[in-house]
Amino acid sequence: MDFSTFNDAERAHIQRLIEQKQMRDFMKFYTGLVERCFNDCVNDFTSKALTTKEETCVLRCTEKFIKYNERISLRFGELNQELMQQQAATAAQQQPGANP
Amino acid sequence: MDFSTFNDAERAHIQRLIEQKQMRDFMKFYTGLVERCFNDCVNDFTSKALTTKEETCVLRCTEKFIKYNERISLRFGELNQELMQQQAATAAQQQPGANP
Amino acid sequence: MDFSTFNDAERAHIQRLIEQKQMRDFMKFYTGLVERCFNDCVNDFTSKALTTKEETCVLRCTEKFIKYNERISLRFGELNQELMQQQAATAAQQQPGANP
Amino acid sequence: MSYLYGGQQQTINPQNVAMAEQELEMVTDTFQRIVDSCYKKCIPTQYLDGELNKGESVCIDRCAAKFFKVNEKVGAALAQKSQ
Amino acid sequence: MSYLYGGQQQTINPQNVAMAEQELEMVTDTFQRIVDSCYKKCIPTQYLDGELNKGESVCIDRCAAKFFKVNEKVGAALAQKSQ
Amino acid sequence: MSYLYGGQQQTINPQNVAMAEQELEMVTDTFQRIVDSCYKKCIPTQYLDGELNKGESVCIDRCAAKFFKVNEKVGAALAQKSQ
């Protein structure tokens, strides 16, 4: 997205929106991680204590999901950048005179 | 919902909310369609290219989901209208003097 | 969360946010309940009428989900309270001079 | 977003707006749940072609109608409980 | 929605409001996930009757407690990673 | 939330803000769907250890790339339909 036509007040407002979104995204990441590891690891309801097996599973699941999230975020960033460059190139080609 | 008691400023505000909601709904429709067709059609991760079979599946899935969405939107609109007429009729009956 | 440092305007605003959230939560509870009981109980599409079996299932599902929701809300409240007391105790311990 | 209304004389009653917003959200939420549920019930995911065949079309119509009926039954049951 | 506060003298610190909103959203989101997860774990979908039987009730209580414990473990693990 | 901008001279064009918000939401929504889909496709839920092994890592990279390709195909198909 091209912000160059936006004024400072607009940019400051959008910056604030992005920060709020990041806090909300982290929260969703956290609650989503808990739900995922709970669902995948906890299946014994004969007691309200976590079994050793469940606890080990939850810790591995957490560790793995953090690494998963890092890797996929990286890839997502790269692919998104590529896409934006492609779109910019296509837009430039469609400008009058850009294509001899 | 009966907007007749709303003033113009309120109606204009609500109109704007509806437009924003429509843009957001279209976006959700689009990203939801991509997710659905990806999940149903792509299962081979031996390469990062789409196979011909996967591509065909994605195109059919897209086509079908668009048609599906049109049909169910139509039905939803009809059923919603029916429901509102029923509710209006029930409300009229419950007015004093409406039921002899 | 400690609201004691908030001024009245902030508290009033937050109160309004909580009320709006409660209305939205009730709405989600309702639409979620309909979806759940529909998915679990309705599987016959040879006609557009609900069968007696489906209707019985929907009523039991509704009744059960309401009771389920009451029980889990109660437990959630208790566990949340416990957690907040624990956190308050830990915070007090970490205050200078609190731990002899 | 009051800066939108700088030039207007009429005041907006936030309760009216909140009510309309709520209603809008309820309709959208219900629609989205019907879309998801009836897709699962009526559309096989092999995608042999891109058309809706007769069986799928009829299933969609009935599925939407039945969802509304369940909505009604659940609403009536909830209303009765809260009396 | 500043038009709500036309007559008030106190100013609202948007950061305070945002913090409270965030906290509220976190609690609601967690509650919703517990509701969905424990329903799947504890309630069979045949609906032979509308009551919660003893087994289901005990399962709900344990499920909620275990979800909180998983929440705690995950929180501690995340805090440790970010040190 | 116009009370944030009391001291500023510049006016905010709500359409610019809405556009940016929309774009932000689209990116976040797409990211979230990739995260969910590729986890299901690439990560077995036994959790024999906490590492990402080679197979999982390669699967993640390909899965993300393929999701973007599906996104592109679907976008092109929708654009063609709406002509």
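Each chain gets a letter, A, B and so on, in the order the sequences are listed, and its residues count up from 1. FYI, side chains are in, hydrogens and waters are out, and symmetry mates aren't considered; it's all heavy atoms of this structure.
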Residues of residues 26-43 of chain C within contact distance of chain E, non-hydrogen under 4.5 Å: C:Arg36, C:Asp40, C:Cys41
Nearest 0.5 Å please: distance from the CG atom of C:Leu79 over to the CD1 atom of E:Ile34. 7.5 Å
Whatever's closer than 4.5 Å to a heavy atom in chain E on C:Lys67 counts as both
Identify which part of C:Ser73 has an atom lying under 4.5 Å from any heavy atom of chain E, answering side chain, backbone, both or neither. both
To the nearest 0.5 Å, tell me how far E:Cys38 SG sits from C:Arg75 CZ. 12.0 Å
Once you round to the nearest 0.5 Å, how far does CD1 of C:Ile18 lie from OG1 of E:Thr28? 9.5 Å
Residues that E:Glu21 engages under side chain to side chain contact (heavy atoms under 4.5 Å, CB included), provided they are two or more places apart: C:Leu17, E:Val17
For residues C:Tyr68 and E:Val35, determine if any side-chain heavy atom of one lies less than 4.5 Å from a side-chain heavy atom of the other. yes
Just to be sure I understand the criterion: a residue of residues 59-76 of chain E counts if one of its heavy atoms is under 4.5 Å from a heavy atom of chain C. Which ones qualify? E:Ile60, E:Asp61, E:Ala64, E:Ala65, E:Phe68
Between CG on residue E:Asp49 and CD on residue C:Glu63, distance to nearest 0.5 Å: 8.0 Å
Any non-hydrogen side-chain atom of C:Phe65 less than 4.5 Å from a side-chain atom of E:Ile43? no
SG of C:Cys61 to OH of E:Tyr47, rounded to nearest 0.5 Å, is 3.5 Å
C:Ile66, part contacting chain E, at a heavy-atom distance under 4.5 Å: neither
Tell me if the NZ atom of E:Lys40 is crowded by more than 12 foreign heavy atoms within 6.0 Å. yes
Of the non-hydrogen atoms in C:Arg71 and E:Leu52, which two are nearest, and what is the gap between them? CD-CD1, 4.1 Å
Look up atom CD1 in C:Ile72 and atom OG in E:Ser37, then write down how far apart they are to the nearest 0.5 Å. 9.0 Å
Taking salt bridge (Lys or Arg N to Asp or Glu O under 4.0 Å) as the definition, give me every residue that meets it alongside C:Lys64, ordered by chain and number, with sequence neighbours left out. E:Glu56
